[in-house]
Q: 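First the structure, then my questions, so here it is.
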Amino acid sequence: MAWERRRNRTYLYRSVREGNKVRKVYLGSRPGAQQAAEADRRRRQERQLLKETESLELLRLEAVSAEALRLENFTHLLAEAALLAIGLRRLNRRPWRPWHDGRKAITAAGDAHQT
Amino acid sequence: MTDAKPSQPQEMPTKRELHALVARARQGDASALPRIRVILDQHPEIWEAVGDLARYVETAWIDLIAGDDALLRESMKRQAKEWRASLSGPHATQAERMLVDLVVNNWLAAQQAEYAQATQTGAGGSLMQASYRLKRAESAQRKFLSAMKMLTTLRAAVPEGLAPINCLRLYTDERESA
């Protein structure tokens, strides 16, 4: 929306895009158009505020999501470690099964620790 | 639960070592297992670290959902507490408690995504934003179900509880049968 000066008088126009063309819509001259200009300014301000709030929300969301991902990776690591530590093993995303070599290694380490 | 906000937990060297050991065990190197057991049994700080991180993430999700609404905040806290209590049961092991924390956090993430989708879909915004919110809600739901599945798998694989009691049981069983 802009004030345009024509023949020593100012008129208010709003640019409206229609496909590839931009058409100017006449809104009036002072002081009637001033109210429309003010309403437009307020609307633009509100839109800007909403945009800023949304981007702030998005930033906070990304920060929390990053920490949540860290927690997920850490938990999966510990759960896998706990299952391995009791002699289970998982091959190619199949169910967890007893791992004989693993249990032997755990038993041997236990014996060595006792002696 | 206290009102003091938990601070952001830091990375620890034991975690890096554990990561490397688990990677070795995944490749079939059984010699990594005794050290994994030692880390799990003798380094309680690793369980504390994951607990701290879970509490930090939980508070952050509740902050994001409730904002300035004190009533909603309290309600979310109580719901999370109830979830935790009902999923853990009276004799949960450390690993179970850790997975229950993950389930609760993923539930909160799913709640936040659903809430954002419900409140912001009608409030303007582009189609891309709506699609992003929908995808996030679906992803959060999947993660929640995946955490639940992992907890169930753990309980099915080790019904009597995990280390150290179960380790001792396996160890003594094998010694007796030998």
Q: Who among B:T153, B:L108, B:V38, B:I46 has the most heavy-atom pairs with chain A under 4.5 Å?
A: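 Sorted descending by pairs with chain A, the first entry is B:I46.
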
Q: Quick one: of B:D29, B:L64, B:I36, who has the most non-hydrogen atom pairs under 4.5 Å with chain A?
A: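 Max contact count across the listed options: B:L64.
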
Q: Salt bridge check, A:R60 against B:D63: does any charged N sit closer than 4.0 Å to a carboxylate O?
A: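 No, B:D63 and A:R60 are not salt-bridged.
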
Q: Is there any salt bridge (charged side-chain N to carboxylate O under 4.0 Å, His left out) pair reaching into residues 75-85 of chain A, and which pairs are they, with sequence neighbours excluded?
A: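 Found A:E80-B:R26.
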
Q: For B:T93, run the side-chain hydrogen bond (donor to acceptor under 3.5 Å, both in side chains) check against B:R97, B:E96, B:H91 and tell me which one passes.
A: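 Looking at B:R97, B:E96, B:H91, the match for B:T93 under the side-chain hydrogen bond (donor to acceptor under 3.5 Å, both in side chains) is B:E96.
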
Q: Please flag which part of A:R89 lies under 4.5 Å from any non-hydrogen atom of chain B: side chain, backbone, both or neither.
A: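 Contact with chain B involves the side chain of A:R89 alone.
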
Q: Which Ile, Leu, Val, Met, Phe, Trp or Tyr residues join A:V16 in one cluster when any pair of side-chain heavy atoms under 4.5 Å counts as a link?
A: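 Grouped by the 4.5 Å side-chain rule, A:V25 form the rest of the cluster around A:V16.
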
Q: Less than 4.5 Å to any heavy atom of chain B: does that hold for the side chain of A:L88, its backbone, both, or neither?
A: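 A:L88 touches chain B through side-chain heavy atoms alone.
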
Q: Thinking salt bridges, do A:R6 and A:E4 make one under a 4.0 Å N-O criterion?
A: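 Yes, A:R6 and A:E4 are salt-bridged.
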
Q: For the pair B:E82 and B:R78, find out whether any cationic side-chain nitrogen is under 4.0 Å from an anionic carboxylate oxygen.
A: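 Salt bridge between B:E82 and B:R78, a charged N being under 4.0 Å from a carboxylate O: no.
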
Q: If the threshold is 4.0 Å, N to carboxylate O, is there a salt bridge linking A:R41 and A:E38?
A: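 Looking at A:E38 together with A:R41, the answer is yes, because their closest N to O distance falls below 4.0 Å.
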
Q: Salt bridge check, B:E58 against B:R55: does any charged N sit closer than 4.0 Å to a carboxylate O?
A: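 No, this pair does not count.
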
Q: Restricting to side chain to side chain contact (heavy atoms under 4.5 Å, CB included), what partner residues turn up for A:R90, sequence neighbours left out?
A: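 A:R90 satisfies side chain to side chain contact (heavy atoms under 4.5 Å, CB included) with A:R93, A:W96 only.
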
Q: Using heavy-atom distances under 4.5 Å, tell me whether B:A109 contacts chain A through its side chain, its backbone, both, or neither.
A: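 Interface part for B:A109: neither.
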
Q: Listed by residue number, which members of residues 135-145 of chain B have a heavy atom under 4.5 Å from any heavy atom of chain A?
A: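 From residues 135-145 of chain B, the residues near chain A are B:R136, B:K143.
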
Q: Under 4.5 Å heavy-atom distance to chain A, tell me which part of B:M150 shows up: side chain, backbone, both or neither.
A: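 Side chain only.
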
Q: Considering only heavy atoms, which portion of A:L91 lies under 4.5 Å from any heavy atom of chain B: side chain, backbone, both, or neither?
A: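 The answer is neither part of A:L91.
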
